[in-house]
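One structure is given below, encoded as structure tokens.
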Amino acid sequence: METNFVNKPIMKKDAMALVTGKPVYLDDVAPKECLVVKVLRSPHANAIIEEVNKDIALKVAGIEGIYTYEDVPNNRFTMAGQTYPEPSPYDRLILDKHVRYVGDPVAIVAGVDEKSVDKALKLIKVKYEVLEPILDFRKSKDNDILIHPEDNWKSLAPVGADNKRNLCASETCGNGDVEKVLSECDVVLERTYHTKANQQAMMETFRTYCYMDTYGRLNILSSTQIVFHVRRIISNALGIPKSKIRVTKPRIGGGFGAKQTVVAEVFPAFVTWKTGKPSKMIFTREESQIASTPRHEMEIKVRIGATKDGIIKAVDMYTLSNTGAYGEHGPTTVGLSGHKSIPLYGKVEAFKFSYDVVYSNVMSAGAYRGYGATQGLFALESIVNELSSKLGIDPVKMREMNMVKEGEVMPAYYNETADSCALDKCLARAKEMIKWDEKYPYKDMGNGKVRSVGVAMAMQGSGISGVDVGSATIKVDDDGLYTLMIGSADMGTGCDTILAQVMADSLMCDIDDITVLGADTDASPYDSGSYASSTTYVTGKAVCNASEKLINILKEEASKILEVPVNDLDFDGEKVFGAGKEISRKELAVKSQCGNSSAFEVTVSHSSPISPPPFMVGMVEIELDKETGHIDIIDYVAVVDCGTPINTNLAKVQVEGGLGQGIGMALFEDVQYSDTGRMYNNSFMQYKLPARNDVGTIRVEFESSYEKTGPYGAKSIGEIVINTPSPALAHAVYNATGVYVKELPITPEKIVMGMLENEN
């Protein structure tokens, strides 16, 4: 199908406002005279608050109020932005007498300016009963120390949660007899992999502004991915009706999943609801590091069995996931570690996937791009690479023999069929781009330096099947132009532009004829929000369907005016015509204003029963110094099957950005705690992110498939792009040194120590 805007490099609608520094972010648009809100945070990983003395702090000039657990509602809720009923346990209070990690809120302080609030925070005296914490998540399950002993803890969904066992979720599933198939295999490998927590580290920290409107409603303006979920969560926390709350968002300075959790919103919302005064909370970088929602730490044990000629027959995977102090995204993230890794291998006859998600006394984990698939793919792709080495088979050939092909059913992916799958083309193209056959496994460069290559495949999803809802409202304005109203949140990804491209081709108009209004719980149609790689696929299809419905309305109205049967009329984007008559879109819009009884406006909601996976292959070339263990990335090639890319420029930068984050996870980023539970990496001085010169040359290409259930053949791209660097880099290190690093990040120290162990 010929398109004017889809699959084209259209400039983002907000591009000029952003590059010219217009005031578009939350702190730009929030008024300066609102109350400043901050929280006092616990210095202990596990403690009971015995007494809070705020008398002296309250005497500080400009302090509006200081609130403790005695002042807030006793409503347990979850901060995870997920569709109701949430799989996450209701295990939080706004402020709790029991603090569960270093950084857990103890008191809320509101004042007229930052100086007075900072002074008051230092003057609050808290007496704690310090308890023994659980800092090693491997020791949490069935431990005598309970992270959540409270009686009003509750789980709304059957996910295997049990607070009396420190379990946030637990499940086993599978297909076929794994033990029997493994026993028949020529070679069986068993390995354990450990991925640490990573911080999303978006440029804009968490921030929220709240005020009461004329009608006594709480208005929340927040840097969030999930306006409708924020409304429900604040309603649960404050114990007020959702109809009393309106949530909107400005432009967002990055989210990556962190803003799929209500990290900051509840505190200023409580202050404004309590005082009636506008308030705002701006997280410092330190707070964003120590008290937010990083990626889940996971330990993944994998057994894999194959024939001697390289056919993978069985996979057995067990994931232990660390949700931290609160449940949040614990039950939902863990499933992806198996369900979005094992299905890559289409010849697997039997699989078993089991997991436990446990509480511990560190900051709670949350959503981060890749959402569990990242951790699972590091484990599975690493063991496949090691298996290929053991069998003496080129790892690319191993994948060519075993990968899932278009039309195959994927039992480990909820029995969905891979109706659109160009994974084989992705692998072939990546192999050609990096010149794999010339470079595998390594070349000695002399001087103690070695160049080597590594490979990994990945898959993800396109929304949560049968759960996510995307909606679009389209109305014709009086000048014949269009307004598109959506509930999904553009967090820098360009979804406002992408959805306008879909609509422009569907309505055969110019993209400049469309005004996009996004994410307002009062004005937007309901949308689950921007997460789970759902926006382009789910909301995009809603836009297609709404456009089709609107064309029918225009034809029906034109039929009355032109006195021509509807079935004899056509619409070409500018006019409705037929039987020698015509009326322009603009004339129709003008006539709709007088004596009209039908609105030129449609709202369509869409949910998909399936979640077609995008696929990707990543290959990397590194230069490794065997004396120091230092790694330089020379070349990273990525070939992606995201169906039809809607915006080729935005798709490309999504891949490049995701690869940068994946390289950071693989080589640098390492959330570490002291033996008392204090996080060491509380600033960018201690938490190393990759800079431009750390990621080498990144080359991105696309191998399009066509997903018939997506808008113009599109699938998702947002998350899959982060998943290949860790296993590909681990593979390249192995090819260079013979050392397989199984715990991220892959540091020079681990490489050198591994080489020394191999010598001994």
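Source: prediction; values computed, not measured. These numbers come from the heavy atoms of this one structure, side chains and all, not from hydrogens, waters or symmetry mates.
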Please lay out, stage by stage, how Y90 and F77 fare under the test ring-ring contact (aromatic ring centres under 6.0 Å, His included).
CA-CA 4 Å; Y90 279 30; F77 64 99; 7.8 Å; no
Could you go through the salt bridge (Lys or Arg N to Asp or Glu O under 4.0 Å) check for D641 and K715 one step at a time?
CA-CA 8 Å; D641 162 22; K715 298 186 286 191; 3.1 Å; yes
Heavy-atom pair with the smallest gap, counting every atom of A500 and L484:
N-CD2, 4.4 Å
Can you tell me if Q460 uses its side chain to pair, donor with acceptor, with the backbone of G370 under 3.5 Å?
yes
Residues K591, E587: salt bridge by 4.0 Å N-O rule:
no
Looking at R217 and D522, is there a salt bridge between them, counting it only when a charged N and a carboxylate O are closer than 4.0 Å?
yes
Are R369 and F256 in a cation-pi contact, defined as NZ or CZ under 6.0 Å from the six-membered ring centre and within 45° of the axis?
no
Does the S462 side chain pair with the main chain of P612, one donor and one acceptor, at a distance under 3.5 Å?
yes
When rounded to the nearest 0.5 angstrom, what is the spacing between CZ in R251 and OG in S223?
11.0 Å
Report the C-alpha distance between R232 and E86 in whole Å, list the side-chain angles of each, state the deciding distance to 0.1 Å, and finish with yes or no for side chain to side chain contact (heavy atoms under 4.5 Å, CB included).
CA-CA 11 Å; R232 181 186 68 250; E86 306 97 326; 3.1 Å; yes
Is the backbone N or O of D419 less than 3.5 Å from a side-chain atom of E707, with the two atoms forming a donor-acceptor pair by type?
no
Would you say the side chain of L18 lies within less than 4.5 Å of the side chain of K12, judging by non-hydrogen atoms?
yes
Roughly how far, to the nearest 0.5 Å, is NZ of K13 from CG of D512?
5.5 Å
Is any side-chain heavy atom of L517 closer than 4.5 Å to one of I486?
no
Mind listing the closest non-hydrogen atom pair of V502 and V543 along with its distance?
CG1-CG1, 4.0 Å
Tell me the closest heavy-atom pair linking A264 and F206, and the distance in Å.
CB-CB, 4.0 Å
Would you call E557 and K560 a salt bridge, using N to O less than 4.0 angstrom?
yes
Donor-acceptor side-chain pairing of S222 and R207 below 3.5 angstrom
no
Rounded distance [0.5 Å steps], CD in E701 versus CD in E432:
8.5 Å
Between atom OG1 of T483 and atom CG of D477, what is the distance when rounded to the nearest 0.5 Å?
3.5 Å
Does K405 come within less than 4.0 Å of E408, counting only side-chain N to carboxylate O?
no
For R585, is there an ion pair with D513 - N to carboxylate O distance below 4.0 angstrom?
yes
Polar contact flag, side-chain donor to acceptor under 3.5 angstrom, N7-T648
no
Short side-chain to backbone donor-acceptor contact, D568 and V564, under 3.5 Å:
no
Would a distance-only check, ignoring hydrogens and angles, find a side-chain to backbone donor-acceptor pair under 3.5 Å from S88 to E328?
yes
When you compare the side chains of S530 and Q225, does any donor N or O come within less than 3.5 Å of an acceptor on the partner?
no
Checking K549 against V604 for the side chain to side chain contact (heavy atoms under 4.5 Å, CB included) test, could you report, in this order, the C-alpha distance in whole Å, the side-chain angles of both residues, the deciding distance, and whether it holds?
CA-CA 8 Å; K549 199 170 177 182; V604 169; 3.9 Å; yes
Got more than 12 heavy atoms from elsewhere within 6.0 Å of CG, N567?
no
E563 atom CD, over 12 foreign heavy atoms within 6.0 Å:
no
Would a 4.5 Å heavy-atom cut-off, applied to side chains only, mark L562 and I583 as touching?
yes
Cationic N near anionic O, under 4.0 Å, D520 to R246
yes
Check whether any side-chain N or O of D505 sits under 3.5 Å from a backbone N or O of T3 as a donor-acceptor pair, and report yes or no.
no
Tell me which one of S528, S524, C495 satisfies side chain to side chain contact (heavy atoms under 4.5 Å, CB included) with S488.
C495
Tell me the closest heavy-atom pair linking V721 and G718, and the distance in Å.
CG2-O, 3.5 Å
Please test S471 against T473 for side chain to side chain contact (heavy atoms under 4.5 Å, CB included), starting from the C-alpha separation and ending with a verdict.
CA-CA 7 Å; S471 302; T473 295; over 6 Å; no
Look only at the side chain of S341 and the backbone of G338, and say whether a donor-acceptor pair between them is shorter than 3.5 Å.
yes
What I want to check is whether the side chains of T521 and Y526 have a donor and an acceptor closer together than 3.5 Å.
no
Any non-hydrogen side-chain atom of M16 less than 4.5 Å from a side-chain atom of M11?
yes
Less than 4.0 Å between a side-chain N and a carboxylate O, is that true for E574 and K586?
no
State the CZ-CG distance between F577 and D570, to the nearest 0.5 angstrom.
4.5 Å
Mind running ring-ring contact (aromatic ring centres under 6.0 Å, His included) on Y371 and H329 for me, showing each step along the way?
CA-CA 9 Å; Y371 205 78; H329 293 264; 5.7 Å; yes
Anything under 30° is parallel, anything over 60° is perpendicular, the rest tilted; go ahead and classify Y537 against H606.
perpendicular
A523 versus M485, closest heavy-atom pair with distance
O-SD, 4.0 Å
Given side chains that start at C-beta, do those of S534 and D468 come closer than 4.5 Å, heavy atoms only?
yes
Quick one: does E406's side chain have a donor or acceptor within less than 3.5 Å of a partner on C421's backbone?
yes
Side-chain touch C34/Y209, heavy atoms, less than 4.5 angstrom
yes
Without swapping roles, check the side chain of S608 against the backbone of I610 for a donor-acceptor pair under 3.5 Å.
yes
Flag the pair L588 / L554 as yes when at least one side-chain heavy-atom distance between them is below 4.5 Å, and no otherwise.
yes
Residues K280, D27: salt bridge by 4.0 Å N-O rule:
yes
Once you round to the nearest 0.5 Å, how far does CD1 of I720 lie from CE of M459?
8.0 Å
Sort out for me which residue in Q654, Q501, K8 forms a side chain to side chain donor-acceptor pair (under 3.5 Å) with N647.
Q501
Taking side chain to side chain donor-acceptor pair (under 3.5 Å) as the criterion, tell me which of E719, R295, K340 meets it with T374.
R295
Do the non-hydrogen side-chain atoms of I220 and T248 ever get within less than 4.5 Å of each other?
no
For V516 and L499: C-alpha separation, side-chain torsions, deciding distance, then whether side chain to side chain contact (heavy atoms under 4.5 Å, CB included) applies.
CA-CA 9 Å; V516 182; L499 295 174; over 6 Å; no
Could you check whether any side-chain N or O of D14 sits under 3.5 Å from a backbone N or O of A17, counting only pairs where one atom can act as donor and the other as acceptor?
no
Shortest non-hydrogen separation from L221 to L26 and the atoms involved:
O-CD1, 2.9 Å
Parallel, tilted or perpendicular for H339 and Y414, by the 30°/60° rule?
tilted
